[in-house]
Amino acid sequence: MILFKIPRLVEILFSSRTWGFSRSEKVVYLTFDDGPDPQLTPWILDVLQENQLKATFFCVGENVLKYPEIFERIKREGHSVGNHTMNHVKGIKTSLKSYVQNVEEAHHLIQSKLFRPAYGRMTFRQTKSLKKRYKIIMWSWLSNDFNTKISPEKILKKAARQIQHGDIVVLHDNHKTTERIHLILPELIQIVQQKGLEFKRIEE
Ligand SMILES: [Zn+2]
């Protein structure tokens, strides 16, 4: 089964992480994982600028090292940034100590209190340890933009039906989404705006 909307049960089981924001405000939070990417991130920034909206970029430390000028542009244009580990390391396959070290290494470059685990997965001990220093931000609506088995049309249909107040939407500035995100992002923005919702970045 392909999942777009995160079930309430998952939110309860992992309640020390943030899965969404207040349903009482007319706001949706767009987030982009895995960049900066030289092909995708500048294009995404252009689209956000044209639509005058702010988003949140969860960056991978080694990509920040490779593309520092794109990272600077994200911040300069008023978006918020978050830590997405140094090299997209899998928490459940890494010891507590090296995982925390990996995140700290990325912190030197990214300097943000926001953290999102790569693959959305880490152990309870890693969560507990990182919670002392970071706000752990998950998502409530997964676009599946990286999954080539799902057409962009289907993704947009789901978006129209499911996205609601307070949702954290995740997309990827990652080479896996190159062709698809061009079709998805501009339409997705329109769909959300047509629902009378506005976009905001996640604050630290
Ligand atoms: Zn990721």
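Ligands are counted one by one from 1 in listed order, and the atoms in each one are counted from 1 as well. When a residue number appears, it is its place in the shown sequence, counting from 1.
Contact check on E104 versus R133 returns a salt bridge, with a Lys/Arg side-chain nitrogen under 4.0 Å from an Asp/Glu carboxylate oxygen. Taking a cutoff of 4.0 Å between a charged side-chain nitrogen and a carboxylate oxygen, K176 and D145 do not qualify as a salt bridge.
Taking the six-membered ring for Trp and thresholds of 30 and 60 degrees, F21 and Y29 have ring planes inclined between 30 and 60 degrees apart.
Residue I92 is found outside any hydrophobic cluster, as its side-chain heavy atoms come under 4.5 Å of no other Ile, Leu, Val, Met, Phe, Trp or Tyr.
Each protein N/O/S atom under 2.8 Å from the Zn ion (ligand 1) was counted, for a total of 3.
In this structure, H107 has its ring center no closer than 6.0 Å to that of F115.
Residues E69 and Y67 have side chains in contact (heavy-atom distance under 4.5 Å, counting atoms from C-beta outward).
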